[in-house]
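By convention in this document, chain letters (A, B, ...) are assigned in the order of the sequence lines, proteins followed by strands, and residues within each chain are numbered from 1. When reading the values below, keep in mind they use all heavy atoms of this one structure, side chains included, and skip hydrogens, waters and symmetry mates.
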Amino acid sequence: MRIATFNINGVKARIDTLLGWLSASRPDVALLQEIKSVDEAFPRGAIEDLGYRVETHGQKGFNGVAILSRLPLTDVLRGLPGGEGDEHARWIEATVTGTRPVRVAGLYLPNGNPAPGPKFDYKLSWMERMRMRAAALLATEDPVVMAGDYNVIPQAEDAARPEAWVTDALYRPESRAAFRRILHLGYTDAFRARVPGPGHYSFWDYQAGAWERNNGIRIDHLLLSPQAADLLADTGIERALRGQEKPSDHVPVWVELDA
DNA sequence: ATGGTGGGCTACCCA
């Protein structure tokens, strides 16, 4: 079972890119972020025509997440638990069954800039809520994959120019510590577990020629529970998509599980 | 140090 995460930065603006990627790459499961669409306006028909089941958790104008799956999809949960009054559409879960069931969560973690400030406070409180949910998922002892745009640069080697990010909410010590607190529950950063060293990025800003200069950061992650990590067969970043026509500022990151 | 780009949407917000 191959599971990919892709922040598409607007499903309507990116529909040709999305359909082209799904057709060429054929992930079994695709977790999308920043669909920037309400559920009723999501272009599900064209995606279903490619053989995918579609579950969305959208809102008007920004945020929004979705799960696309060629495999049976059950027990969908929309919204990160524990957020009284939080209307942001940033979390969706479902169980995907290949040769065995895998609990999959797609997430769009708050950006948090400017920091400090209320947006940074929201990011950190959202991460604490995520930690609680991550602990509850671990307790099931099922294979769990939590994948998406984490808006966290875990280590200096995950940025081409780490010195440019020191005051940014994506790299501040509080954000990285909160990310580590989730990892330390028992999750594995799938890409980093298999590919050591610098130079591996999933996001390049549209501005200032970031792509042409390879001024990237690695902020799209797939975290695996121990039961999922035991099934990990391969991982990769589809960086070539960033150089294609009308790209998202993110590219897909994927894992192959023996499941 | 500043400004640079892009999506959603109609006055600016978000990244």
Side-chain angles (χ1 to χ4, degrees), chain A residues 5-21 30-44 46-47 56-66 80 83 85-91 106-127 130 147-154 158-172 174-176 178-179 201-221 239 241-253:
Chain A
T5 174
F6 189 8
N7 179 322
I8 56 169
N9 189 21
V11 71
K12 292 160 212 156
R14 213 75 60 207
I15 186 62
D16 292 342
T17 300
L18 175 62
L19 295 175
W21 170 65
L31 304 168
L32 305 181
Q33 303 89 41
E34 284 205 88
I35 63 174
K36 298 186 178 181
S37 169
V38 293
D39 296 335
E40 306 76 59
F42 191 87
R44 61 166 50 243
I47 296 167
T56 61
H57 180 42
Q59 69 179 101
K60 184 181 166 73
F62 62 112
N63 301 327
V65 288
L80 180 62
D86 182 0
E87 300 301 317
H88 287 202
R90 297 179 175 276
W91 184 273
L107 64 110
Y108 177 47
L109 206 147
N111 175 292
N113 280 303
K119 290 189 176 181
F120 191 55
D121 295 343
Y122 173 65
K123 176 178 196 157
L124 295 179
S125 66
W126 198 97
M127 291 184 83
M130 181 179 166
D149 176 359
Y150 278 72
N151 270 315
V152 174
I153 303 166
D158 297 312
R161 300 184 57 235
E163 70 279 5
W165 296 91
V166 288
T167 62
D168 194 283
L170 277 61
Y171 191 60
R172 286 180 62 110
E174 301 94 323
S175 307
R176 296 163 61 201
F179 181 75
Y201 312 128
S202 66
F203 169 92
W204 295 259
D205 202 291
Y206 288 122
Q207 304 182 75
W211 168 247
E212 289 74 12
R213 297 162 192 256
N214 195 26
N215 180 18
I217 53 177
R218 192 176 71 91
I219 57 174
D220 299 272
H221 310 301
R239 89 191 302 280
L241 260 77
R242 187 62 178 80
Q244 292 183 5
E245 190 105 350
K246 214 166 185 281
S248 170
D249 40 6
H250 297 250
V251 295
V253 185

(request) Quick one: list whatever passes ring-ring contact (aromatic ring centres under 6.0 Å, His included) with F179(A), sequence neighbours left out. (result) Y150(A), H221(A)
(request) Scan for salt bridge (charged side-chain N to carboxylate O under 4.0 Å, His left out) pairs involving residues 206-220 of chain A, sequence neighbours excluded, and state none if there are none. (result) D158(A)-R218(A), D189(A)-R218(A)
(request) Considering only atom P, compute the distance from dG7(B) to dG3(B) and round it to an integer number of Å. (result) 22 Å
(message) Heavy-atom count check: over 12 atoms from other residues, nucleotides or ligands less than 6.0 Å from D16(A) CG?
(response) no
(request) If a protein heavy atom is under 4.0 Å from the base, mark B; if only from the sugar-phosphate, S; if neither, -; do that for nucleotides 3-10 of chain B going 5' to 3'. (result) -BBSBSS-
(request) Give F203(A) one of three labels, base, sugar-phosphate or nothing, depending on what nucleic acid heavy atoms sit under 4.0 Å from its own. (result) nothing
(request) To the nearest Å, give me how far apart OH (Y108(A)) and P (dC14(B)) are. (result) 11 Å
(message) My understanding is that only residues two or more places apart in sequence, or in another chain, count here; which of them pass ring-ring contact (aromatic ring centres under 6.0 Å, His included) with F203(A)?
(response) H250(A)
(request) Looking at every strand, decide which applies to R90(A) at a 4.0 Å heavy-atom threshold: base, sugar-phosphate, or nothing. (result) sugar-phosphate
(request) Just jot down the side-chain contact (heavy atoms from CB on, under 4.5 Å) partners of P110(A), sequence neighbours excluded, or say none. (result) R90(A), Y122(A), K123(A), W126(A)
(request) Sticking with atom C1', work out how far dC14(B) lies from dT10(B), rounded to a whole angstrom. (result) 16 Å
(message) Taking dC9(B) as the reference, what is the distance to dA15(B) when you measure between their C1' atoms (whole Å, please)?
(response) 16 Å
(request) Write down the distance separating the P atoms in dT2(B) and dG6(B), rounded off to the nearest Å. (result) 23 Å
(message) Between P on dC13(B) and CG on N111(A), what's the gap in Å once rounded to a whole number?
(response) 16 Å
(request) Using ring-ring contact (aromatic ring centres under 6.0 Å, His included) as the criterion, list what pairs up with W204(A), not counting sequence neighbours. (result) W211(A)
